[in-house]
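Whatever order the structure lists ligands and atoms in, that order sets their numbers, starting from 1.
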Amino acid sequence: MFGSHLSIAGGMVNALTAASAQGMDCVQVFTKNQRQWKAKPLVDEDVDLWISTLKGMGWDETNRIVSHNSYLVNMASPDATSRQKSIALQLEEIERCEQLHIPFLVSHPGARLGTPRKRGEPNALDTPISEDELGGLKRIVDSLDEIHASLPGYKTITCLETTVGSGTNLGYDFKHLGWIREHVQEPARVGFCFDTCHITAGGYDMSTPTRAKKVLDTFDHEAGTQHIKVFHFNDSVGDVGSRLDRHAHIGEGTCGKSCFRSIVQHPAFVDVPKILETSKEENSKGELMDVVNIAKLRKMAKTAKKHR
Ligand SMILES: [Zn+2]
Ligand SMILES: [Zn+2]
């Protein structure tokens, strides 16, 4: 299942219409402005139109719709006031997903703040989680528990996203994601989003078939691949371990084709949405890059079927 993050400008339903027009299987949206604390509540009319469109496409009650939370949320903040503000905003994000029948809410785990690591220092992926980081992870667990307790029985799954580990951001090490899920009171409400650019820039090298398999095995061991509900399919401008979060078109970065191949050829991931977050430009032939990238990925998936 391949799709893209599409704009909701002019009305949320426009993202669905565009996804359908471009032959996508799934889509990611923001349900509100991702850079603002305040959002207007959803209007009944818009919700009805959204759901009737989903039904018309046969996408309602499926795993084809993904939302991304606000960039302002920091569930790991050591400051009580900003953590409470983040919890309130994250609650609203989940409320909106629930109203719009969106099963997955991709969320950045958060930044522990405090002493930053040295500039250019690579992520130490082979060492145990540090005390500072453990403090941040505990705050994320507490935040999620508080959110889940306030919204009992909600279906939307919070999908913690892998990060490059810039600043004091958590989630660059698969162990962080596993630790959070293992410690929350309702683990069924927590899943993961695996971003190919972020893991590469974070220090996981998937650029050959052997390395790619090893990385997926590591993820499985440390967090559980069965909990990956969403993939973000972005190639990486920065080198392996660069901690640079810049997305490139598929096949034009440092991830390597085997990174994408190992995922699209994996039978367990066939029905997991794979979302592009690459720039929405056109190539020299005037083709939309989303369409070009998805065609490349579908070809990789097809070759796999032939060879199996
Ligand atoms: Zn992403
Ligand atoms: Zn990114």
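For the pair R83/N74, no side-chain contact is recorded, criterion being any heavy-atom separation below 4.5 Å from C-beta on. Between T278 and N293, the closest side-chain pair of non-hydrogen atoms falls below 4.5 Å.
Taking backbone and side chain together, H247 holds an N, O or S atom under 2.8 Å from the Zn ion (ligand 2). Counting backbone and side-chain atoms alike, H232 contributes an N/O/S atom closer than 2.8 Å to the Zn ion (ligand 1).
E161 contributes atom OE2 as its closest N/O/S atom to the Zn ion (ligand 1). Distances from the Zn ion (ligand 2) to the N/O/S atoms of D245 are shortest for OD1. Taking the Zn ion (ligand 1) as reference, E277 places its N/O/S atom OE1 nearest. Looking only at its N/O/S atoms, D195 has OD2 as the one nearest to the Zn ion (ligand 1).
No close placement of the F174 and H221 rings is indicated, their centers lying 6.0 Å or farther apart. For H198 and H247, the gap between ring centers is short of 6.0 Å.
Exactly one of Q34, H5, H108 qualifies for a side chain to side chain donor-acceptor pair (under 3.5 Å) with H68. That residue is H108.
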